[in-house]
Amino acid sequence: MPSPNETLSKTFERHEAEKRVYALWEENNLFRADPARPGEPFVIVIPPPNVTGNLHMGHALDNTLQDALIRFHRMLGDNTLWIPGTDHAGIATQAVVERSLAAEGVTRQELGREKFLEKVWAWKEEFGGKIIGQLKRLGASCDWSRERFTMDAGLSRAVREVFVTLYEDGLIRQEDYVINWCPRCQTALSDIEVEREDREGTLYYIVYEGVDGAPPLTVATTRPETVFADVAVAVNPQDARYRDHKFVKVPFVNRAVPVIFDSYVDMEFGTGALKVTPAHDGNDFKIGKRHDLPIFSCVDKDGRLNRETGPYEGLDRFASRAVILADLEAKGLLAKTEPLQHALGVCYRCRTPIEPLLSLQWFVKTESLAKSAADAVRDGRIKIVPSSWENTFFNWMDNIRDWCVSRQLWWGHQIPAWKCASCGKTHVLREDPTDCPDCHGPLARDPDVLDTWFSSGLWPFSTLGWPDETEDLKRYYPTTVLVTGFDIIFFWVARMMMMGLKIMKEVPFRTVVLHPLVRDASGQKMSKSKGNVIDPLTIIDEYGADAFRFTLASQAGSGRDLKLSAERVAGYSRFITKLWNAARFALPLLQGPPPTPLPKPQTLPDQWIRSRLAVATMAVNAALREFSFDRAAETLYHFIWDEFCDWYLELAKPLLYGDDPKLKESAAQNLYAVFSETLALLHPIAPFVTEELYSRLPGAKGFLMVAPFPRGRAEDRDEAAEKNVGYLMDVCRAVRQTRADFGLAPGAKVAPVVQSSDGEILSLLRERAPLLLKLMGASSLSFSGDPGAKPADAATVIHAWGEVWTPLAGQIDLEAEMGKRLKEIAKLEKELAAARQKLQNPAYVRKAPPEIVEETREKLASAEIRLQSAQRSRDLIGDLTRAAR
RNA sequence: AGGCGUGUAGCUCAGUGGGAGAGCACUACCCUGACACGGUAGUGGUCAAGAGUUCAAAUCUCUUCACGCCUACCA
């Protein structure tokens, strides 16, 4: 680090400093957790980003908040651990590698499973985890020595252990079921991986002829190409129209199918008759089960019509539609068509329409797991912040459906299930078998892998070493806080709860902090196709990590959207510069750290800023404890800019620059204490600039990152000092206001007079006069106890404690000033009337709390005073106008 | 269809029973020896609309309107 005495550059050279400071933190092992150390555990597991991923705004926000919490608690002395890592992201990663293979003209099928997986691992080693370096640029203080990957050996063992345990407990089973199939990705998807898109579709009315001359029946469908797999037509039992229909013929294949009654059918929709296709619709599947109907497919996994469709075999499911409709029409079986707006299920990755398909898959039975998770939130073992999300959470947990966990991919945790070729039994095992445990027949392993969310569901304990009883696991489970966006409550948060409670018999975390999603400045989702993506690294390059983090924190309290714009970051980068410049002023004046315990402040400016610091410190502590990052940021912004820089530094200058060595020293020591504590308060949100400035404090030891976080000294609260500085501010503002209102020439030195009947106030002000002169741009300040001593042509500002008279000089825009005064008077009169009316209301005086009534009286008095001020100004302007004529 | 949420200054938002606020933007003036990425003083709002509860409503209740999100079995 540069030596403390070196003068600061004009602005914070953040590129160089961020790199240097971060390297120092790492070299000094400051991120590393030690279970043996004392302290309350404070543990966060990172939501593992995809190993293929790049840092985007969502990550930036998420990790800024986590880092702020970790840094805060580290400084509080807690035993903090922030576990980083990445997710193997099955389908996403497989797709990336397949794409790079395609460039070489190879498919994964040609390569074979084993070779392909080698390629993926090689890709992961070379390109994966780029995001880790990007998190470091953000300042993330993760314990990198504990970095994990959802497919590393330990986590894979955990996955297998959990799968087998759930299987043994009857919570996992393999079943034929209609699942969501993506014909493009060639895999099953869970229900929540299906997204709904509103699309303009068409409702086709198709005639099914009656069997043996029975009357025909018309059904309405959006999917005429699935008629081949129809096994029934269903109508509502209440529906009188179809009482006499017994059997109808499926078009093209002329199969006779029964007309059945099922209350699921909506009589109002279409014709009130529904074609039942159990193999290609989830609801039809349920109807089929209820009525014990046969089930078979007419669309294959590649999305083409199969053999059941006869001449149409091989056609794409959508391309076939036109042909089929034309043929239906030719047969006179297409009664009519009408447009229909419907929500089409599409693959969350490639937006290909989902094909509901009958298939053999593995399911996790979620009902009991979900109940225990919901109970944990209901009884407060897990707190959701903000609590408004609880209803959404319960709504899902109470209506949860079984979780399809098998995926027809290669990249992932292969399901530990083997099927015996001779006895046909399926074995789910912890250790790889050589032959069938029952009959020693040859075994074939299930080729499917698990949903990537299965392994991330174990993240809070698998990363701590489970299933081994590690020191980390004992010390750090359950984790303390989980910070994430609300978009993955169901994908991830709920599943961690279910898995943690089932496997560990204990909640995975005590608090879930849900933050907004980052949008662009106009509230649009950031997406490549819209071209509105702001790259966090570009922002960091341009404005610095501190300004960026401060911006994110300051906006993290708002509702569900965080609208981010570069202008806003630019604004907060000025705040960082302001702090830097305050340091440029302060550092050369400092000799060394103040003695401990910190001496009581002796002078008014010191008493005042210490009091204000105590208030701000307590507010920041409270805000960070309550995850109100925005409140913490706002408090710091105003304390540093308005109170520390604008008032305290100005008030302290005469002492710091003065001739009295004793005063000088105590002022410098106080400045040191206040400034260094301010840096500490700001550190969790803006770690780089604060660490850098801390290192420049003469005699500062160690790192700010591990310095104690200020708690706020209650004994520093000093109401008298705050009141007295209030008088100084009153005088100062009165003169400044007069200067501005009456357009006094900037160079013109005024000679204001302060009048008060309170001798103590006068002597206080007299003592501070030299200081005030500079702040007001006055040549002299005089004092009077006598209201009659007012100079002619002086503007008056009245305060409750006295008056400030400022003699006028120079050019004044009388007309404009008169307008302003009249407007002000009107406003004040209104205010007065309102207050008077309240006080005249007996019900108010009787029922309102006395302090509120008192407040209103004070308000009335203050409005009267301000009205007097304004009236005097008006009269003065009137006089001046007449004199000018 | 149901659920959740939002509506406050030109923009972004804080404020959950008692003075309508902040940042940015805007206006005027000022390079005063840390900072013009600065300072000082200002302009700007029927708190979406209506009704109710209350001595008192941006805040609580109801209704309406607008927008957003989530969930869902209307083929």
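Side chains included, hydrogens not; waters and symmetry mates left out as well; all remaining heavy atoms used. Residue numbers start from 1 in every chain, and the chains themselves are labelled A, B, ... in the order their sequence lines are given, proteins ahead of strands.
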Counting the atoms with a prime plus P, OP1 and OP2 as sugar-phosphate, which does [X] contact under 4.0 Å by heavy atoms, base, sugar-phosphate, or nothing?
X	value
P849(A)	base
K10(A)	sugar-phosphate
D646(A)	sugar-phosphate
R568(A)	base
D266(A)	base
Q737(A)	sugar-phosphate
T222(A)	sugar-phosphate
E854(A)	nothing
K653(A)	base
Y637(A)	sugar-phosphate

Can you tell me if [X] touches the phosphate of [N], counting only side-chain N or O atoms and a distance under 4.0 Å to OP1 or OP2?
X	N	result
R196(A)	A72(B)	no
R519(A)	G68(B)	no
W641(A)	G39(B)	yes
K859(A)	G19(B)	yes
K823(A)	G44(B)	yes

Given the [atom1] atoms of [N] and [M], what is the spacing between them in whole Å?
N	M	atom1	answer
C31(B)	A66(B)	C1'	49 Å
G17(B)	U61(B)	C1'	14 Å
C4(B)	A9(B)	P	26 Å
A14(B)	C29(B)	P	36 Å
A25(B)	G33(B)	C1'	31 Å
U71(B)	G21(B)	P	41 Å
U16(B)	U59(B)	P	12 Å
G19(B)	G45(B)	C1'	16 Å

- Message: Return whichever of S388(A) or A583(A) has its heavy-atom-nearest nucleotide of RNA chain B closer to the 5' end.
- Response: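 By nearest-heavy-atom nucleotide position, the 5'-most residue is S388(A).
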- Starting from the 5' end of RNA chain B, give me the residue, W580(A) or R736(A), whose nearest nucleotide shows up first.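 It is W580(A) whose nearest nucleotide is closer to the 5' end.
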- Where the side chain of H638(A) is defined as all heavy atoms beyond and including C-beta, which of A22(B), A34(B), A75(B) is the nearest nucleotide?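 Selected nucleotide: A22(B).
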- Atom CD of E193(A) and atom P of U71(B): how far apart are they, to the nearest Å?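 It is 13 Å, rounded to the nearest whole Å.
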- Could you tell me the separation between the CG atom of L839(A) and the P atom of G19(B), rounded to a whole number of Å?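 Checked: the CG to P distance equals 12 Å.
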- Donor + acceptor pair across side chains of K336(A), T218(A) (<3.5 Å):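 No, no side-chain donor-acceptor pair sits under 3.5 Å.
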- Task: Give a yes-or-no answer on whether the side chains of H638(A) and E643(A) include a donor-acceptor pair shorter than 3.5 Å.
- Result: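 Distance-only check fails for H638(A) and E643(A).
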- Message: Suppose we define a pair by two distances each less than 3.5 Å, Watson-Crick or G-U wobble; what does U71(B) pair with here?
- Response: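 Pairing partner, where one exists within any strand: A1(B).
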- Message: Can you confirm whether or not the ring centre of F393(A) sits under 6.0 Å from the ring centre of W389(A)?
- Response: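 Between W389(A) and F393(A), which both carry aromatic rings, the centre distance is not below 6.0 Å.
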- Task: Kindly say whether the aromatic ring centers of Y572(A) and Y637(A) come within a distance under 6.0 Å.
- Result: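 Yes, close enough.
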- Message: Strictly below 4.0 Å, N to O, side chains only: are K827(A) and E824(A) in salt-bridge contact?
- Response: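 Between E824(A) and K827(A) there is no salt bridge, as every charged N stays at least 4.0 Å from the carboxylate O atoms.
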